[in-house]
Amino acid sequence: MCSVGDDFDNQTEKLMQKATLTKLSDTCNKCRAEKPCIVLRGKDTYCKNCFLINTVHKFKASLGKSRLIHLNDRVLVWYQIGHPSVALLHFLRTGLDLSTPKKLRFHPIILFVYDQYQLNNKEGKELIENAKRIVSSFGFDCNFISFADYVSNPENVPNLLNSESLFAENDIEKLNLVIHKTSSRTNRNDIKSLLRKKLLIDVAKYWKCKFVFTPEISIDIASNLLSNISLGRGSHVSIDTGFCDDRDDEVRILKPLRQFDMKELALYNNFNRLESLSVRKSAVNPYSSVQDLMAKFVIELQKDFPATVTTIVKTGDKLSLDKNAEVKCKLCKGPVSVSDDLVTSQQSTNFSRFVSNELVDCNKSRQERFSTICNKFDQTNNENELLCYSCTRIYGNFML
Amino acid sequence: MKITVEFSGGAELLFNNKKSHDVDLPDKDTNWTIANLLLWIKDNLLQERPELFLQDNSVRPGILVLVNDTDWELLGCLDYKIEPRDKIIFISTLHGG
Ligand SMILES: [Zn+2]
Ligand SMILES: [Zn+2]
């Protein structure tokens, strides 16, 4: 009889704390004086003042700790739909306007990537107008690029930036020409995020930005981390979900909001009277892709166990890159594990797939059959050598 | 009883894109709670797809509720007794409807 589950049941209490219904504190956790107005992680209460100070401080600390950005560096900021991006713009504006030594001293350049293909013409125009209005309310210029146009012609970045037409009726066809229609939704999501990253890096290079800020928050990090592991990108977790993605030689992608909860940023925006960008969304079946399923899994676990996201993110932070990997995957630029004598799990998986698809020539001796198949495997394997395990899965699903 | 109800963060898309609503709740024998208000909103304000706003007799997960700028979790959530001139805000964190 299987008893694995039974043991686990008895221990869950020790593993992660369940959402409790205990009485919340009557005073702010920080100043211990004021009446609280917000509850975070189901237990920590803060007054408005402490909450706002804390939130800004947390942002500064995330940038400060890294010490990566220098005086007058140019930073491309990916502005997206939702609360996190608006909070990010506000952090940047208030940080730039400071007259204390804590003043931010770099130059943000804001980019909105249009990829909302469920919207009609009127809604699309409205979205772009709203994006422009919100970004300019912070004293920044909003730059635009069409994702579909970039994907069809990645070499053309200079002409695509701030082009008159940001969306067209045939956008989905343009995407389908590049990403094969037959690809699963999981693979399409994976390919799109690869291409989006490439877009940000290409634009950053064109505008001579050394850094890109992306607005992922803790829950995105947690679900990306689990998706990564399920898709065989486990060895890339630390660069995909860590603070700094430095796999490109010139441009680093930073995630300055990765420690924030959605509630923190939504209420930060509310208290500062900031308007966020929202759109009509098409319903997504959570079972249609690994990424959607992981997001659903994390969100639902978080409801009953408020420490879920922090636990996953902290566990991810303990993972680091294989420093010995010198070969970079030609698609995602992540490290490819190559070992001289030890066979990696990736190689074994490839080998058994290869062997199972080969016909056996019974006229040959066992030894001969073995060496023939090994030679043939080595030959075909060389073609895939420059791909990481996960990218071999999507390679061929799209054109570069 | 006159109160103000606000929708933001994309929740307003379910209410004709109107963010602020001045509402006059009809008199009733017992206190008005948020639980009662949600049903009233469903019948009187909600324009489309109630499942994007309500779930299991409460707000859908991902919608935050503030009463006079205070988290409803500090006020008893669904059981909070509404007072005249309260301002109740529903903030969607789902970025749209
Ligand atoms: Zn306080
Ligand atoms: Zn790869």
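Computation of the quantities below employed the complete heavy-atom set of this structure, encompassing side-chain atoms and omitting hydrogens, waters and symmetry-equivalent molecules. Letters go in sequence order (proteins before strands), and every chain restarts at 1. Values in this document were obtained by computation on a predicted structure and should not be read as measured data.
- Rounded to the nearest 0.5 Å, atoms OG (A:Ser276) and CD1 (B:Ile91) are 9.0 Å apart.
- By the 4.5 Å heavy-atom criterion applied to side chains, B:Glu73 and A:Lys263 are counted as neighbours.
- Other residues, nucleotides and ligands contribute over 12 non-hydrogen atoms within 6.0 Å of the NZ atom of B:Lys19.
- Applying a 4.5 Å heavy-atom cutoff, the residues of residues 62-71 of chain B that approach chain A are B:Leu64, B:Leu66, B:Asp69, B:Thr70, B:Asp71.
- Using a 4.5 Å cut-off between heavy atoms, B:Leu75 does not touch chain A at all.
- The neighbour count for B:Glu51 CD, taken as heavy atoms of other residues, nucleotides or ligands under 6.0 Å away, is above 12.
- Closest approach of A:Ser278 and B:Gly10 over heavy atoms only: OG-CA, 3.4 Å.
- For the pair A:His83 (side chain) and B:Leu94 (backbone), a donor-acceptor distance under 3.5 Å is absent.
- The two atoms that bring B:Thr93 and A:Ala266 nearest to each other are CG2-CB, 3.9 Å, heavy atoms only.
- The contact list for residues 20-32 of chain B toward chain A, using heavy atoms and a distance under 4.5 Å, is empty.
- In A:Phe297, the CZ atom is not crowded: 12 or fewer heavy atoms of neighbouring residues, nucleotides or ligands sit closer than 6.0 Å.
- With a 4.5 angstrom heavy-atom cutoff, A:Glu275 touches chain B only via side-chain atoms.
- A:Glu129 meets the salt bridge (Lys or Arg N to Asp or Glu O under 4.0 Å) test with A:Lys132; sequence neighbours excluded.
- Residues of residues 27-40 of chain A lying under 4.5 angstrom from chain B, judged on non-hydrogen atoms, are A:Pro36, A:Cys37, A:Ile38, A:Val39 in numerical order.
- Environment of CG in B:Asn57: sparse, with no more than 12 heavy atoms of neighbouring residues, nucleotides or ligands closer than 6.0 Å.
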